[in-house]
2 protein chains.
Amino acid sequence: MVKAADRAKNPARSSVWLENKDGRAARSGGGPAGLDRDRIVAASIRILDEEGLAKLSMRKLATDLGVTAMSLYWYVDTKDDIIEYAVDTVYGEIDLAVVDAAGDWRQQIRELALQYRRMLVRHPWMSPSAGQYLNIGPHAIAVGSKIQETIRATGLPLDRLPSTMSAVFQFVYGYGTIEAQFGRRAAEAGMSQDDFYGEALKAFRDEPQFVEALEPMAELLDERASHDSVTVIWDRDFEYALDILIAGIEVMVQRHA
Amino acid sequence: MVKAADRAKNPARSSVWLENKDGRAARSGGGPAGLDRDRIVAASIRILDEEGLAKLSMRKLATDLGVTAMSLYWYVDTKDDIIEYAVDTVYGEIDLAVVDAAGDWRQQIRELALQYRRMLVRHPWMSPSAGQYLNIGPHAIAVGSKIQETIRATGLPLDRLPSTMSAVFQFVYGYGTIEAQFGRRAAEAGMSQDDFYGEALKAFRDEPQFVEALEPMAELLDERASHDSVTVIWDRDFEYALDILIAGIEVMVQRHA
DNA sequence: AGAGTCCTTGTACGGTGTACGAGTCACGTT
DNA sequence: AACGTGACTCGTACACCGTACAAGGACTCT
């Protein structure tokens, strides 16, 4: 095991996935407390989902598991490691089989993007957390591999793969981040997303310097919000944006052909 | 002023920009310590840039300013508010005049995207922080307004504006996030980005389960990294991705015309 | 001189991550 | 049966965090 203080000096220690494993936690439930890295990670995901990133503490996590905080350190070097494990576990929620069954590359990209986005929104702690790590756990790699396969099916030349992957999935990450944080804020305020949106927009309107800056879009924002729920609007905007991305990829494919 | 404990209940308090201002901090340097919200924010940006998000504490910030921690609370409700102010200040680094001078909408989008990305990379604490707030400070709004203007110049119909803005700038946010965090990790390990990349890739290669997953791209990754610095590669990938996005927008414009 | 306002500080509380060393228990060997 | 020897758990302690609260100082105005 590696002391927390010794981390960050060795790049191989930048990720729990690059450490030399000693297999200690491989056997499950061996100890008197029935502890186990999988159980620890599962419990932390529960806390993260229900109470948010800020509320996850080693003591709380330990209490939930019926142990002392220091017991956790047998299975894990730092609190950060737990989150890194949790991130990868959640990447596993993306159902790659559904993607395979989705038709041509256009539909596959749509399906992958949609699932990725839903996952980020379902776990609002994901985007801030995932952004911190290299995301090279087995599940994240599997997703990356599938993304790469899908993009490759477009027929684009190899050296265009990374940027094309970025164009689509960095967009999805950014989009999901906004949605997730907005949802989190609304939940913290104890309001529905629509109410929160409405209240924020109202308060916003009272600030004269802002009104003129976004005036051109104001009617549009109002009109949209008065007809549909913000989640519906976001769904539609997301699809539109994917249209743009896919159209752009098609152009590149044609240019190359 | 608003007690920290009372926050998060009122959506108008979800942002420092939606609070009723009492103008207390408007006069600058009035107090015996010559303190001032601008000075506080400037000092925190310095710490954030030099030592990172995790190292910013009220006590440290106060010490840097030659004051006690509690003095800061005269100008600010919570530590979070300071970061929200810092985020907006840094949005102000994006030079909108340069964007105006950049030619047609294609070049303007490129210029805006490039500046946004550079800003995120220059301040690695920005992406995790900016993701948390509504980003409705004056500078963020100015940037948003410029983005909107630029996209509008494409001639797309109004209801396509939000998704088109998302497609481009959520991508930039995601891309910048990855770059910034990678750079931060490398700096923490005390290595150049190229060395860090090489070491990570090497360690990565020792994990058999990962090799096969990304095998198709392996040659590409190696070849690219052996010819150019990762920062050069990222620059190019970023440009390629913008090509895709702009091509996609062009298609949409044509379809609509 | 007194009052009032603006600003700063000292102290304290309840939290945090985690280092360290001392237990406790099950098991393999002798 | 006794004895290590590991695998695990826990209690204590440290340094640090954000910030509530009340007291204090300095300056201005009357």
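First the proteins, then the strands, lettered A, B, ... as listed; each starts at 1. Just so you know, these numbers use all the heavy atoms, side chains as well, and skip hydrogens, waters and symmetry mates.
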If only side-chain N and O atoms of [X] are considered, is one of them under 4.0 Å from the OP1 or OP2 phosphate oxygen of [N]?
X	N	answer
B:Trp74	C:dC7	yes
A:Tyr73	C:dG17	no
B:Ser71	C:dC7	no

Whole-Å distance separating the [atom1] atom of [X] from the [atom2] atom of [N]:
X	N	atom1	atom2	result
B:Met58	C:dG10	CE	P	16 Å
B:Asp81	D:dG18	CG	C1'	13 Å
A:Leu65	D:dC8	CG	P	16 Å
B:Leu72	C:dT9	CG	C1'	12 Å
B:Asp77	D:dG18	CG	C1'	13 Å
A:Arg37	D:dA7	CZ	C1'	16 Å

Review item, nucleotides 11-14 of chain C N/O atoms under 3.5 Å of protein N/O:
none

field: Check: A:Phe238 ring centroid to A:Phe171 ring centroid under 6.0 Å
entry: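 Ring centres of A:Phe171 and A:Phe238 closer than 6.0 Å.
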Residue A:Lys79, side-chain atoms from C-beta onward, closest of D:dG18, C:dT18, D:dT9: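 Given the options D:dG18, C:dT18, D:dT9, the side chain of A:Lys79 is closest to C:dT18.
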field: Set of residues satisfying side-chain contact (heavy atoms from CB on, under 4.5 Å) with respect to B:Ala130, sequence neighbours excluded
entry: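 B:Ala130: side-chain contact (heavy atoms from CB on, under 4.5 Å) contacts with B:Val87, B:Tyr91, B:Met126, B:Asn135.
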- prompt: By side-chain contact (heavy atoms from CB on, under 4.5 Å), which residues pair with A:Asp235, not counting sequence neighbours?
  reply: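 Scan of A:Asp235 (side-chain contact (heavy atoms from CB on, under 4.5 Å), adjacent residues dropped) gives A:Arg117.
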Residue pairs passing the salt bridge (Lys or Arg N to Asp or Glu O under 4.0 Å) test where at least one lies in residues 118-140 of chain B, sequence neighbours excluded: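 Pairs touching residues 118-140 of chain B that pass the test: B:Glu93-B:Arg122.
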field: Residues that A:Lys79 engages under side-chain hydrogen bond (donor to acceptor under 3.5 Å, both in side chains), provided they are two or more places apart
entry: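 Partners of A:Lys79 under the side-chain hydrogen bond (donor to acceptor under 3.5 Å, both in side chains) test: none.
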- request: Please list, chain by chain and in numerical order, all residues satisfying side-chain hydrogen bond (donor to acceptor under 3.5 Å, both in side chains) with B:Tyr85, sequence neighbours excluded.
  value: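 If we apply the side-chain hydrogen bond (donor to acceptor under 3.5 Å, both in side chains) test to B:Tyr85, skipping adjacent residues, the hits are B:Arg37.
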- request: By nearest nucleotide on DNA chain D, pick out whichever of B:Lys60 and A:Val67 is the more 5' one.
  value: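 Result: A:Val67.
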With B:Lys202 via salt bridge (Lys or Arg N to Asp or Glu O under 4.0 Å) - residues at least two apart: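 Scan of B:Lys202 (salt bridge (Lys or Arg N to Asp or Glu O under 4.0 Å), adjacent residues dropped) gives B:Glu199.
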query: Do you see a donor-acceptor pair shorter than 3.5 Å between the side chains of A:Gln193 and A:Ser229?
result: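 Distance-only check fails for A:Gln193 and A:Ser229.
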field: No-hydrogen, no-angle side-chain donor-acceptor test under 3.5 Å, B:Asp80 and B:Tyr133
entry: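 Per modelled atom types, B:Asp80 and B:Tyr133 side chains form a pair under 3.5 Å.
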- request: Dump the intermediate steps for side chain to side chain contact (heavy atoms under 4.5 Å, CB included) on B:Ile82 and B:Leu61, then the final yes or no.
  value: CA-CA 11 Å; B:Ile82 296 181; B:Leu61 177 55; 3.7 Å; yes
message: Which residues in residues 38-56 of chain A have a heavy atom closer than 4.0 Å to any atom of DNA chain D?
response: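 None, since no heavy atom is under 4.0 Å.
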Pairs under 3.5 angstrom only: tabulate donor-acceptor contacts from the side chains of residues 43-52 of chain A to other protein residues two or more places apart or in another chain.
from	atom 1	to	atom 2	distance (Å)
A:Ser44	OG	A:Ile40	O	3.2
A:Ser44	OG	A:Val41	O	2.7
A:Asp49	OD1	A:His123	ND1	2.6
A:Asp49	OD1	A:Trp125	NE1	2.7
A:Asp49	OD2	A:His123	ND1	3.1

query: What dot-bracket string describes DNA chain D from 5' to 3', counting Watson-Crick and G-U wobble pairs whose defining distances are under 3.5 Å, with [ ] for crossing pairs and | for pairs to another strand?
result: ||||||||||||||||||||||||||||||
Pairs under 3.5 Å (N/O, protein and nucleotides 23-27 of chain C):
none

message: I need the B:Ser127 OG to B:Leu53 CG distance, nearest 0.5 Å.
response: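 Output value for this atom pair is 10.0 Å.
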query: What is the distance from atom CD of A:Glu179 to atom CZ of A:Arg184, rounded to the nearest 0.5 Å?
result: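 So the CD of A:Glu179 and the CZ of A:Arg184 are separated by 14.5 Å.
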message: Just to verify, what does A:Tyr173 make a ring pair (Phe, Tyr, Trp, His ring centres under 6.0 Å) with, not counting sequence neighbours?
response: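 Partners of A:Tyr173 by the ring pair (Phe, Tyr, Trp, His ring centres under 6.0 Å) criterion come out as none, since no residue qualifies.
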